[in-house]
2 protein chains.
Amino acid sequence: MVSRVESAAATRRALVDAAAELLDEGGVDAVTLRAVGARAGVSRGAPYGHFPDKEHLLAAVATKSWEAVSEQLDTLTADRPPSERLQLALAGLMDVGRRRPHAYALMFSAPTAEHPEALAAVSRTHDQFLAIVADVIGDPQRARPIGALVMASVQGIIAMENSGHLTAEKWQVTGDELVRMLIGRIA
Amino acid sequence: MVSRVESAAATRRALVDAAAELLDEGGVDAVTLRAVGARAGVSRGAPYGHFPDKEHLLAAVATKSWEAVSEQLDTLTADRPPSERLQLALAGLMDVGRRRPHAYALMFSAPTAEHPEALAAVSRTHDQFLAIVADVIGDPQRARPIGALVMASVQGIIAMENSGHLTAEKWQVTGDELVRMLIGRIA
DNA sequence: CCGACTCACTTGACAATGTCATTTGAGTGC
DNA sequence: GCACTCAAATGACATTGTCAAGTGAGTCGG
């Protein structure tokens with residue numbers, strides 16, 4: 001037996017999942033409210049019962065994507081050496097960028113940063129990342145600037161990889177090698 | 001007296017300029033073919049005489065934006081010390097990212113990298129940048145990987161600045177300081 | 001000088017889409 | 001058992017990208 005609120009929550013989840021799938025499959029242009037409704041098994045107007053507009057639905061997708069990264073960071077237990085945790089954390093981020101390029105772009109898009117729920121998920125993930133960086137460099141004072149440099153650089157590497165602007169032929173280097181160069185220079 | 005081909009070329013220029021203005025003013029959503037036509041003094045269907053579709057018009061805007069950066073790099077004459085030229089080159093890129101954030105995002109977007117004309121402008125600009133990096137580090141062999149790291153990192157810094165994900169309160173650092181940290185670590 | 005032609009541009013039309021107002025109907029509390 | 005709530009469905013509308021057909025100013029051979 002499903003209560004009304006349970007059904008509504010399930011519909012909301014189905015809408016976000018459907019939007020995420022369509023985003024992964026065909027980019028942001030493929031995420032139409034009609035397609036989302038159809039895949040979620042509801043009508044085209046149903047999203048308006050859960051989100052004020054399409055942008056908020058996409059923000060929910062971005063929030064969920066950030067939460068997935070955050071949960072993956074939770075699995076990096078402290079019994080590993082800090083440098084290994086940093087490497088795994090960056091590898092996890094690069095993995096999202098490569099497996100779900102459209103979702104990744106959405107996670108770092110401007111509208112996402114303006115939705116409180118998304119901001120909270122981003123902030124929590126960044127805090128986890130900063131804690132790892134602090135353990136690596138051993139200096140909490142400098143963790144934030146250095147963490148910002150690493151995060152921004154990795155984000156730029158993935159973004160240029162996905163957009164086709166970072167090719168191995170042109171630059172004689174891969175994204176993974178660039179990340180290794182980067183973390184080799186911050187220690 | 002304007003010949004027919006001159007008039008057509010002028011219309012094409014007006015369309016690209018109008019699209020660039022609308023992009024700067026209201027983001028990519030504000031660039032509708034009707035608005036572009038109106039601002040260029042032609043009708044909504046006129047762009048189809050010069051571009052196969054809207055994406056090609058946006059690619060032309062990206063191309064022109066890259067060419068502007070390239071021309072600015074041309075002004076960095078070799079009588080400056082290499083490190084100063086690198087700093088000025090990066091400052092120029094950051095300036096575009098801050099003054100024209102939407103155009104900047106377009107320049108690094110995936111569709112842009114698939115249009116030959118845009119690719120040529122990008123490639124030329126990247127070559128100029130690589131030449132400067134080679135002069136700075138004095139090792140042509142390592143210029144490409146290091147240049148890639150710097151370019152990707154700066155791109156990530158600007159992108160996170162523009163999207164609101166890189167705030168001074170959160171990370172205790174500014175984008176400019178990150179760029180200084182970066183070039184300090186590659187020398 | 002003029003008639004036919006070219007081609008950039010205009011206009012009408014259409015399907016797709018985001019959004020809102022209205023309606024419907026299943027679950028809920030008295 | 002009945003009125004009520006609220007999620008969902010439906011109808012409608014403006015906007016947009018795109019294409020087919022039409023138009024008219026510039027061009028060229030005679």
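Chain letters run A, B, ... following the sequence lines, proteins first, then strands; residues in each count from 1. Heavy-atom basis, side chains included; hydrogens, waters and symmetry copies ignored.
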query = In whole Å, what is the span from the OH atom of Tyr48(A) to the P atom of dT17(C)?
reply = 13 Å

message = For Ala18(A) versus Val36(A), what's the shortest heavy-atom pair and its separation?
response = CB-O, 3.7 Å

ask   = Looking at His126(A) versus Trp66(A), is the centre-to-centre ring distance below 6.0 Å?
value = yes

request  = To the nearest Å, give me how far apart CG (Asp53(B)) and C1' (dA15(C)) are.
outcome  = 17 Å

query = In whole angstroms, how far is the P atom of dG18(C) from the CG atom of Asp29(B)?
reply = 11 Å

request  = Return the value, rounded to whole Å, for the distance between atom CG of Leu15(A) and atom P of dG18(C).
outcome  = 13 Å

message = Heavy atoms only, 4.0 Å cut-off, all strands: where does Ser43(A) land among base, sugar-phosphate and nothing?
response = base

Pairs under 3.5 angstrom, nitrogen or oxygen only, protein versus nucleotides 3-5 of chain D, please.
| residue | atom | partner | partner atom | Å |
| --- | --- | --- | --- | --- |
| dT5(D) | O2 | Arg4(A) | NH1 | 2.5 |

inquiry  = Check Arg124(A) with Asp74(A), please: is the shortest side-chain N to carboxylate O separation under 4.0 Å?
reply    = yes

message = Which heavy atom of Thr125(B) sits nearest to which heavy atom of Ala121(B), and what is that distance?
response = OG1-O, 2.8 Å

ask   = What is the nucleic acid contact for Gly45(A), judged by heavy atoms within less than 4.0 Å: base, sugar-phosphate only, or nothing?
value = base

note = Rounded to whole Å, the CZ-P distance (Phe51(A) to dT19(C)) equals 13 Å

query = Counting only heavy atoms not in Arg39(B), do more than 12 sit closer than 6.0 Å to its CZ atom?
reply = yes

note = Thr11(A) has its side chain closest, among dA8(D), dG17(D), dC9(C), to dA8(D)

ask   = How is Val36(B) classified with respect to the nucleic acid when contacts are heavy atoms under 4.0 Å: base, sugar-phosphate, or nothing?
value = nothing

query = Ala46(A) near the nucleic acid: base, sugar-phosphate alone, or nothing, with a heavy-atom cut-off under 4.0 Å?
reply = sugar-phosphate

query = What do you reckon, is CZ of Arg100(B) surrounded by more than 12 foreign heavy atoms closer than 6.0 Å?
reply = yes

task = Measure from NE2 on His50(A) to C1' on dA8(D) and round the result to the nearest Å.
result = 8 Å

task = Please state whether the base of dG17(D) and the side chain of Arg34(B) form at least one donor-acceptor pair under 3.5 Å?
result = yes

note = Tightest non-hydrogen contact, residues Leu73(A) and Phe129(A), listed as CD1-N, 4.3 Å

note = Separation of dA16(C) atom C1' from Lys54(B) atom NZ, nearest Å, is 14 Å

task = Consider the side chain of Thr32(B), meaning its heavy atoms from C-beta on, and name the nucleotide among dG18(C), dT16(D), dA9(D) that approaches it most closely.
result = dT16(D)

remark   = Judged by nearest nucleotide, the residue sitting upstream toward the 5' end of DNA chain C, Leu33(A) or Arg44(B), is Arg44(B)

